[in-house]
Amino acid sequence: MEMGPALTGEALVRLRRAHGQLAGVIKMIEDGGDCTAVLTQLAAVSRALDRAGFKLVASGMRHCQAARNRGEQPPMSEDELEKLFLSLA
């Protein structure tokens with residue numbers, strides 16, 4: 001399935017935000033930051049990445065359902081989408 005702007009919009013925003021957060025974590029580590037603060041921020045980056053992945057899967061599910069509703073063959077099967085979803089869990 002091609003990942004055009006219709007599928008990636010919100011996920012891309014979340015990934016850019018996570019990119020900034022990760023840069024902040026790296027800087028904290030390089031500067032000898034507090035361990036608790038570093039781990040808290042690292043956990044936030046991890047959640048942001050997970051949410052971006054879930055957004056992509058949800059967009060893919062909507063895209064495939066729209067294709068089915070139009071009587072077209074969806075680009076991915078439900079099993080393929082489920083496998084992608086479970087890979088994030």
Side-chain angles (χ1 to χ4, degrees):
M1 176 168 32
E2 294 289 322
M3 292 188 25
L7 291 179
T8 60
E10 277 190 61
L12 197 53
V13 169
R14 289 176 184 270
L15 287 170
R16 285 190 177 117
R17 190 175 304 135
H19 183 263
Q21 287 178 304
L22 184 56
V25 171
I26 291 169
K27 178 102 171 87
M28 289 171 72
I29 292 171
E30 290 173 343
D31 293 345
D34 176 67
C35 181
T36 301
V38 168
L39 291 175
T40 298
Q41 289 304 310
L42 194 56
V45 172
S46 179
R47 284 190 304 275
L49 292 174
D50 288 344
R51 289 176 186 256
F54 290 132
K55 280 286 184 188
L56 288 172
V57 171
S59 292
M61 291 171 64
R62 283 192 296 275
H63 181 72
C64 289
Q65 186 58 49
R68 281 187 204 91
N69 291 344
R70 292 188 305 268
E72 300 170 4
Q73 179 68 28
M76 296 183 80
S77 70
E78 289 178 7
D79 288 340
E80 290 171 315
L81 286 165
E82 181 180 5
K83 185 177 179 181
L84 289 174
F85 177 80
L86 292 174
S87 73
L88 296 171

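Keep in mind that this is a model prediction, so the values were computed, not measured.
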- Query: In the single-linkage hydrophobic clustering (I, L, V, M, F, W, Y; side-chain heavy atoms under 4.5 Å), do Leu15 and Ile26 co-cluster?
  - Reply: yes

- Step by step, would you call Arg62 with Gln65 a side-chain contact (heavy atoms from CB on, under 4.5 Å)? CA-CA 5 Å; Arg62 283 192 296 275; Gln65 186 58 49; 5.7 Å; no

- Partners of Ala37 by side chain to side chain contact (heavy atoms under 4.5 Å, CB included), sequence neighbours excluded? Met28, Asp34

Listed pairs under 3.5 Å, donor-acceptor, residues 80-87 side chains, sequence neighbours left out:
{"residue": "Glu80", "atom": "OE1", "partner": "Ser77", "partner atom": "N", "Å": "2.7"}
{"residue": "Glu80", "atom": "OE1", "partner": "Ser77", "partner atom": "OG", "Å": "3.4"}
{"residue": "Ser87", "atom": "OG", "partner": "Leu84", "partner atom": "O", "Å": "2.6"}

- Query: Excluding sequence neighbours, so at least two apart, what forms side chain to side chain donor-acceptor pair (under 3.5 Å) with Glu30?
  - Reply: none

- Task: If a pair satisfies salt bridge (charged side-chain N to carboxylate O under 4.0 Å, His left out) and one of its residues is in residues 14-26, list it, with sequence neighbours excluded.
- Result: none

- Query: Can you name the nearest heavy-atom pair linking Ala48 to Ala18, along with the distance?
  - Reply: CB-CB, 3.8 Å

- Query: Just how far is it from atom CE of Met76 to atom CE of Met61, taken to the nearest 0.5 Å?
  - Reply: 11.5 Å

- Of all pairs that satisfy ring-ring contact (aromatic ring centres under 6.0 Å, His included), the ones with a partner from residues 15-46, not counting sequence neighbours: none

- Query: Are Leu49 and Phe54 connected in a single hydrophobic cluster, I mean Ile/Leu/Val/Met/Phe/Trp/Tyr linked by side-chain heavy atoms less than 4.5 Å apart?
  - Reply: no

- Task: Could you name each residue pair satisfying side chain to side chain donor-acceptor pair (under 3.5 Å) that touches residues 36-54, not counting sequence neighbours?
- Result: none

- Is there a path from Leu12 to Val45 through hydrophobic residues (I, L, V, M, F, W, Y) whose side chains come within less than 4.5 Å of each other? no

- Group every Ile, Leu, Val, Met, Phe, Trp and Tyr by side-chain heavy-atom contacts under 4.5 Å, then state whether Leu88 and Leu42 land in the same group. no

